[in-house]
Amino acid sequence: MRGGLPISRRSVFKLRQVGIGTLGSAKIKILLCGCVVLSLLAIANRNRDSSSFMGWTGDFDRSSSPRGRYSIVMNTWKRYDLLKKSISHYTSCPRLDSIHIVWSEPDPPSDSLKRYLNHVVRSNSRKDQQVELVFDINKEDSLNNRFKEIKDLTTDAVFSIDDDVIFPCTSVEFAFTVWQSASDTMVGYVPRMHWVDQKKGENKYKYGGWWSVWWTGTYSMVLSKAAFFHKKYLKLYTDEMPASLKEYITKNRNCEDIAMSFLVANATDAPPIWVKGKIFEIGSTGISNLGGHSERRTECVNKFVDEFGRMPLVPTVMKAVDSRYSWFW
């Protein structure tokens with residue numbers, strides 16, 4: 001070797017390999033960092049519309065037309081703390097037009113309760129849209145009251161909700177857009193199913209609760225404790241639901257939600273639509289927690305079949321999911 005330190009060919013080869021390895025490792029690290037950055041940017045922009053190049057901004061229709069907004073019809077009964085929480089939450093939802101509180105208690109709402117709720121509504125309403133709050137006072141204590149026709153309702157869409165369940169506004173807005181695409185059917189969060197009772201024959205049915213839906217993925221009802229439907233069904237329920245069934249519901253304090261599912265299915269011959277949404281139950285107990293609940297609901301299903309003259313409920317396996325917030329559809 002001429003001049004300098006004697007370096008063997010093997011040493012030169014090792015140094016060259018180390019250099020190439022280091023450079024390759026750096027490239028891999030840079031590539032991985034780039035992928036991480038791109039992934040973070042993609043996640044940050046999931047709420048933005050990926051189709052903006054087509055001229056759509058991704059914003060919901062916030063017009064004041066009857067189809068552009070919805071009204072809440074909220075059933076309540078002597079749970080004022082829950083009522084306050086629910087009203088406080090839903091008045092912040094963007095496309096809400098009005099809230100109608102179904103009041104069936106023997107005493108009218110107190111002045112203090114009305115003052116508090118009106119203050120909450122004024123405080124939470126958007127500047128461009130003041131939400132209207134209405135107490136619909138009923139003389140009779142009946143679960144049928146939640147489906148009484150509301151003469152001055154200005155929206156086509158009704159969001160029927162109990163006072164002890166809360167959904168994020170984003171979930172409510174998504175369900176509303178689903179309903180707008182199929183406004184004749186019911187769109188809701190709480191699916192249930194009817195099953196043929198194999199032991200009793202083809203014309204006898206059993207009520208299937210949540211676990212049967214979870215196991216099979218099949219449902220034929222969405223309960224009105226959290227569901228959208230067209231306001232025309234309030235009039236149809238008021239005018240056309242057989243008096244014998246209304247009396248049965250009032251007496252047994254149960255099954256008005258099944259009756260509404262029967263009514264809509266009988267009018268449309270179509271299934272409802274189950275919407276995926278996170279539900280927060282802020283109440284402690286309900287009739288579904290009482291013993292014999294499924295048996296009483298089964299009795300209701302069969303009574304309604306006899307009264308309607310057929311089984312109108314249509315089973316389906318379809319589920320609406322907001323793909324903007326779901327990696328796995």
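- Atom-to-atom distance recorded for Tyr90:OH and Phe167:CZ is 6.0 Å, nearest 0.5 angstrom.
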Trace of the side chain to side chain contact (heavy atoms under 4.5 Å, CB included) decision for Trp103 with Thr76: CA-CA 7 Å; Trp103 192 271; Thr76 188; 4.1 Å; yes
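- Counted within 6.0 Å of NZ on Lys84, heavy atoms from surrounding residues, nucleotides or ligands total more than 12; the atom is thus considered enclosed.
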Which atom pairs, donor and acceptor, lie under 3.5 Å between side-chain atoms of residues 265-274 and protein residues at least two apart or in another chain?
residue, atom, partner, partner atom, Å
Asn266, OD1, Arg310, NE, 3.2
Asn266, OD1, Arg310, NH2, 3.1
Thr268, OG1, Val264, O, 2.9
Thr268, OG1, Ala270, N, 3.2
Asp269, OD1, Arg310, NH1, 3.4
Asp269, OD1, Arg310, NH2, 2.9

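- The environment of NZ in Lys319 is crowded: more than 12 heavy-atom neighbours from other residues, nucleotides or ligands sit within 6.0 Å.
- Using a 30° and 60° split on the angle between ring planes, His230 and Tyr233 fall in the perpendicular class, above 60°.
- Between Trp77 and Asp163 there is no side-chain heavy-atom pair separated by less than 4.5 Å.
- The aromatic rings of Phe159 and Phe228 sit parallel, their planes meeting at an angle under 30°, below the 60° perpendicular limit.
- The side-chain hydrogen bond (donor to acceptor under 3.5 Å, both in side chains) test with Tyr248 singles out one residue from Glu299, Glu307, Lys303, and that residue is Glu299.
- With a 4.5 Å cut-off on side-chain heavy atoms, Phe147 and Thr238 do not count as touching.
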Steps toward side chain to side chain contact (heavy atoms under 4.5 Å, CB included) verdict (Thr177, Gln180): CA-CA 5 Å; Thr177 61; Gln180 286 179 307; 4.0 Å; yes
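- One distance of note links CG of Leu133 with CE of Met74; it measures 9.5 Å at 0.5 Å rounding.
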Test side chain to side chain contact (heavy atoms under 4.5 Å, CB included) applied to Asp111 and Arg115, step by step: CA-CA 6 Å; Asp111 291 338; Arg115 278 196 303 270; 3.6 Å; yes
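- Within the 4.5 Å cutoff, the side chain of Asn203 has no heavy atoms near those of the Val305 side chain.
- The minimum heavy-atom distance between Asn302 and Lys204, with the atom names listed, is OD1-CA, 3.4 Å.
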Test side chain to side chain contact (heavy atoms under 4.5 Å, CB included) applied to Asp141 and Arg253, step by step: CA-CA 10 Å; Asp141 174 20; Arg253 298 193 63 80; 3.0 Å; yes
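- The side-chain heavy atoms of His100 and Val158, taken from C-beta on, include no pair separated by under 4.5 Å.
- Taking 4.0 Å as the cut-off between side-chain N and carboxylate O, Asp136 and Lys148 do not count as a salt-bridged pair.
- Considering CZ of Phe304 and CE of Met311, their distance stands at 10.5 Å, rounded to 0.5 Å.
- Taking every heavy atom of both residues into account, Glu281 and Val165 meet most closely at CG-CG1, 4.1 Å.
- Taking the side chain as every heavy atom from C-beta outward, Met221 and Tyr207 approach each other to under 4.5 Å.
- The pair Asp257-Arg146 fails the salt-bridge criterion, with no side-chain N (NZ, NE, NH1 or NH2) lying under 4.0 Å from an Asp/Glu carboxylate O.
- Using a 4.0 Å cut-off between charged side-chain N and carboxylate O, Lys225 and Asp164 make no salt bridge.
- Looking only at side-chain heavy atoms (C-beta outward), Thr250 and Glu140 come within less than 4.5 Å of each other.
- Judged purely by distance below 3.5 Å, without hydrogens or angles, the side chains of Thr154 and Asp97 pair a donor atom with an acceptor atom.
- The neighbour count for Lys231 NZ, taken as heavy atoms of other residues, nucleotides or ligands under 6.0 Å away, is above 12.
- One distance of note links OG of Ser224 with CG of Asn75; it measures 8.5 Å at 0.5 Å rounding.
- Nearest heavy atoms, Gly68 versus Phe176: O-CE2, 3.7 Å.
- Rounding to the nearest 0.5 Å gives a distance of 9.5 Å between CG of Leu245 and SG of Cys300.
- In this structure, OH in Tyr219 is found 11.5 Å from OG in Ser261, a value given to the nearest 0.5 Å.
- Counting all heavy atoms, side chain and backbone alike, Lys278 lies closest to Ser171 at N-OG, 4.2 Å.
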